[in-house]
Amino acid sequence: MIKKCLFPAAGYGTRFLPATKSMPKEMMPVVNKPLIEYGVDEAVEAGMNEICMVTGRGKRSLEDHFDTNYELEHQISGTGKEAMLGHIRDLMHTCTFSYTRQTEMKGLGHAILTGKTLVGDQPFAVVLADDLCVNPEGPGVLAQMAQQLYRQFRCSIVAVQEVPEDQVHKYGVIAGDMIRDDILRVTDMVEKPAKEDAPSNLAIIGRYILTPDIFDLIADTEPGKGGEIQITDALLKQAKEGCVLAYKFKGTRFDCGSVEGFIEATNYCYDHFYRAG
Ligand code: UTP
């Protein structure tokens with residue numbers, strides 16, 4: 001039903017300097033696969049094969065990753081190494097990839113608005129590829145949101161998880177009314193609150209389903225916290241005018257934008273995917 005998935009990938013990744021000085025954060029490999037490819041896999045699993053990316057200066061390798069590399073493929077043709085490209089070749093056949101550039105890094109809300117030209121007037125998903133999500137027990141987080149929740153509720157949905165109180169200042173934090181043991185109807189949303197101002201400890205992570213009216217709401221949003229155009233400010237307006245749901249997803253999320261989360265994800269993926277074959 002939802003076919004398009006938008007990947008805002010224009011940020012500077014300053015928490016990972018110097019690695020991200022000339023390399024996109026989204027191209028950092030967790031074991032032998034870049035973060036962006038984990039995100040695209042999750043989108044495809046959720047039935048989305050129109051992949052839209054918002055990139056920026058120095059991010060060309062993202063486009064190259066989802067394109068043919070003739071010299072390399074010629075070089076390894078007929079050898080055992082060809083199999084290592086099998087999965088990415090499948091993705092290239094299954095999906096379309098389109099790109100646009102954010103020329104000024106004015107925040108996640110602004111990056112999403114920049115993607116309007118690729119998304120058009122339809123509901124879409126957003127994946128922040130530096131949040132790597134896994135759910136060994138069942139469908140991935142985006143599939144849970146798109147195929148189970150959106151089908152039923154037809155409104156914007158944000159994925160949330162409980163975080164320790166001393167971590168809330170890193171996230172958008174929601175408050176809401178419980179409508180199911182894993183779903184809240186959002187009533188408030190604060191970007192990176194101080195511990196004492198946080199309306200709860202439910203933090204928004206990098207998975208969203210958005211209805212296209214969000215674009216006008218972002219366009220009307222003034223810069224907020226940190227001088228950036230915040231998606232949380234636009235979502236709060238949407239929640240007040242209509243409905244936004246917060247979903248306590250099933251699975252585990254690794255914050256690969258931080259060194260600690262990246263190492264945890266690497267250890268997890270090595271054990272569960274790489275070594276397990
Ligand atoms: P983050 O704040 O996590 O990413 O933004 P960052 O700015 O790249 O990283 P740090 O904090 O400096 O280490 C969340 C997501 O939004 C994208 C980022 O690429 C990331 O996927 N983003 C953020 C944009 O595309 N454009 C922006 O202007 C800001």
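Whatever order the structure lists ligands and atoms in, that order sets their numbers, starting from 1.
- T187 and L236 get closest at one heavy-atom pair: O-CD1, 3.9 Å.
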Just the distances, no angles: every ligand 1 N or O to protein N or O pair closer than 3.5 Å, one line each.
residue: ligand 1; atom: 3 (O); partner: R15; partner atom: NH2; Å: 3.2
residue: ligand 1; atom: 4 (O); partner: K25; partner atom: NZ; Å: 3.1
residue: ligand 1; atom: 8 (O); partner: Y12; partner atom: N; Å: 3.3
residue: ligand 1; atom: 8 (O); partner: G13; partner atom: N; Å: 2.8
residue: ligand 1; atom: 8 (O); partner: K25; partner atom: NZ; Å: 3.3
residue: ligand 1; atom: 9 (O); partner: K25; partner atom: NZ; Å: 3.1
residue: ligand 1; atom: 11 (O); partner: R15; partner atom: NE; Å: 3.2
residue: ligand 1; atom: 12 (O); partner: T14; partner atom: N; Å: 2.8
residue: ligand 1; atom: 12 (O); partner: T14; partner atom: OG1; Å: 2.5
residue: ligand 1; atom: 13 (O); partner: T14; partner atom: N; Å: 3.0
residue: ligand 1; atom: 13 (O); partner: R15; partner atom: N; Å: 2.7
residue: ligand 1; atom: 13 (O); partner: R15; partner atom: NE; Å: 3.0
residue: ligand 1; atom: 19 (O); partner: A10; partner atom: N; Å: 3.4
residue: ligand 1; atom: 19 (O); partner: G11; partner atom: N; Å: 2.9
residue: ligand 1; atom: 19 (O); partner: E26; partner atom: OE2; Å: 3.3
residue: ligand 1; atom: 21 (O); partner: P8; partner atom: O; Å: 3.0
residue: ligand 1; atom: 25 (O); partner: A10; partner atom: N; Å: 2.9
residue: ligand 1; atom: 26 (N); partner: Q102; partner atom: OE1; Å: 2.7
residue: ligand 1; atom: 28 (O); partner: Q102; partner atom: OE1; Å: 3.4
residue: ligand 1; atom: 28 (O); partner: Q102; partner atom: NE2; Å: 3.2
residue: ligand 1; atom: 28 (O); partner: K106; partner atom: N; Å: 3.4
residue: ligand 1; atom: 28 (O); partner: G107; partner atom: N; Å: 2.9
residue: ligand 1; atom: 28 (O); partner: G107; partner atom: O; Å: 3.4

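- Shown here for G115 and T100, the closest heavy-atom pair between the two residues is CA-CG2, 4.3 Å.
- Taking each heavy atom of K250 and V141 in turn, the nearest pair found is O-CG2, 4.0 Å.
- Taking the ring centroids of F254 and Y268, they lie under the 6.0 Å cut-off.
- Note on ring orientation: taking the six-membered ring where Trp is involved, the planes of F273 and Y38 are tilted (angle from 30° to 60°).
- For residues 112-135, every residue pair satisfying the ring-ring contact (aromatic ring centres under 6.0 Å, His included) rule, not counting sequence neighbours, is listed here: F124-F215.
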